[in-house]
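Take a look at the structure below.
As the structure is a prediction and not an experimental result, all values here were calculated from the model. Residues: numbered from 1 along the sequence shown.
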Amino acid sequence: QVQLVESGGGLVQAGGSLRLSCAASEGSFSTYNVAWFRQAPGNEREFVSVISRGGMSADYTDSVKGRFTISRDNAKKTVYLQMNSLKPEDTAVYFCAAAGGQWRLRNSDDYSYWGQGTQVTVSS
C-alpha cells in the first residue's frame with residue numbers, strides 16, 4: 001500500500017505559477033502510474049494529468065495543455081505538477097493518485113491510492 005501526501009498549493013494571482021508535489025511513502029513507488037485530479041466546489045473530480053511509471057509518457061486534459069507539466073523523480077518518490085499561466089478556473093483542490101496497470105487512465109475509479117489534497121486558489 002502506498003500513502004501519498006500533496007503539498008505546494010496556495011493563493012496566486014492569475015498568470016502566476018505554482019508547483020505541486022506528491023510524495024509517496026512506498027518504496028515500490030516506481031511501479032505506479034501517478035495522476036493529478038482536481039475538484040472545484042460543486043463539481044465532480046476531474047482528471048488533470050498522468051505520468052507513467054518511468055516518467056517517459058504523460059497525458060493532459062485539454063484545458064491545461066501547454067500550461068501544466070507533470071514530472072517525477074522516482075529516487076525521491078515524488079511526482080510534481082508545474083502549473084504556469086494559472087487562471088481563476090484552475091481554482092480547486094488538487095489530488096494525486098496512484099495506480100498500477102495501464103498508464104493512461106483518466107477515470108478516478110481506476111486509482112486505488114489517493115492523497116488528502118492541496119488547495120489551489122487563483123485570484124483574478
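Taking CE of Met83 as the reference point, atom CZ of Arg19 lies at 11.5 Å (rounded to 0.5 Å). Between atom OG of residue Ser108 and atom CD of residue Glu46 there is a gap of 11.0 Å, rounded to the nearest 0.5 Å. In this structure, the separation between CZ on Arg38 and CG on Leu81 is 9.5 Å, given to the nearest 0.5 Å. Note that CD of Gln82 and OG of Ser71 are 8.0 Å apart. Values are rounded to the nearest 0.5 Å. For the atom pair OG of Ser124 and CD of Gln13, the computed distance is 9.5 Å after rounding to the nearest 0.5 Å. Rounding to the nearest 0.5 Å gives a distance of 11.5 Å between OG of Ser30 and CG of Asp73.
Among residues at least two apart or in separate chains, there is no ring-ring contact (aromatic ring centres under 6.0 Å, His included) pair with a member in residues 76-101. Evaluation of the ring-ring contact (aromatic ring centres under 6.0 Å, His included) test over residues 37-58, restricted to residues two or more places apart or in two chains, returns Phe37-Phe47, Phe37-Tyr111, Phe37-Trp114. Within the structure, disulfide (SG to SG under 2.5 Å) pairs that include any residue of residues 74-124 comprise Cys22-Cys96 (at least two apart or interchain). The salt bridge (Lys or Arg N to Asp or Glu O under 4.0 Å) analysis of residues 92-102, with sequence neighbours excluded, yields no pairs.
Side-chain contact between Leu20 and Val120 is present, with heavy atoms from C-beta onward closer than 4.5 Å. Residues Thr78 and Phe29 form no side-chain contact, since every pair of their non-hydrogen atoms from C-beta on lies 4.5 Å or further apart. Side-chain atoms of Phe68 and Asn84, non-hydrogen and from C-beta on, never get closer than 4.5 Å to each other. Counting heavy atoms from C-beta outward, Arg67 and Asp90 have side chains that approach closer than 4.5 Å. Under the 4.5 Å side-chain criterion, counting only non-hydrogen atoms from C-beta, Asn33 is not in contact with Arg104.
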Original post:
Would Leu18 and Leu86 count as a side chain to side chain contact (heavy atoms under 4.5 Å, CB included) if you check the C-alpha gap in whole Å, the side-chain angles of each, and the deciding distance to 0.1 Å?
Top reply: CA-CA 8 Å; Leu18 284 174; Leu86 282 161; 4.2 Å; yes
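Among all heavy-atom pairs drawn from Ala92 and Ala40, the shortest one is CB-N, 3.8 Å.
The local environment of CD in Gln3 is sparse, with at most 12 non-hydrogen atoms from other residues, nucleotides or ligands closer than 6.0 Å.
Every side-chain contact (heavy atoms from CB on, under 4.5 Å) that Val2 has, sequence neighbours left out, goes to Leu4, Ala24, Glu26, Tyr32, Ala98, Tyr113.
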Donor-acceptor contacts, no H, no angles, side chain residues 48-57, under 3.5 Å, sequence neighbours left out:
| from | atom 1 | to | atom 2 | distance (Å) |
| --- | --- | --- | --- | --- |
| Ser49 | OG | Asp59 | O | 2.9 |
| Ser52 | OG | Met56 | N | 3.4 |
| Ser52 | OG | Ser57 | N | 3.0 |
| Ser52 | OG | Ser57 | O | 3.4 |
| Arg53 | NE | Thr31 | O | 2.8 |
| Arg53 | NH1 | Gly101 | O | 3.2 |
| Arg53 | NH2 | Gly101 | O | 2.6 |

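Thr91 contributes a side-chain N or O that, together with a main-chain N or O of Val122, makes up a donor-acceptor pair within less than 3.5 Å. In this structure, Thr121 contributes its side chain and Leu11 its backbone to no donor-acceptor pair below 3.5 Å. Side-chain N or O atoms of Tyr60 include one that pairs as donor or acceptor with a backbone N or O of Ile70 at under 3.5 Å.
Salt bridge present: Lys65 and Asp62 bring a charged side-chain N and a carboxylate O closer than 4.0 Å.
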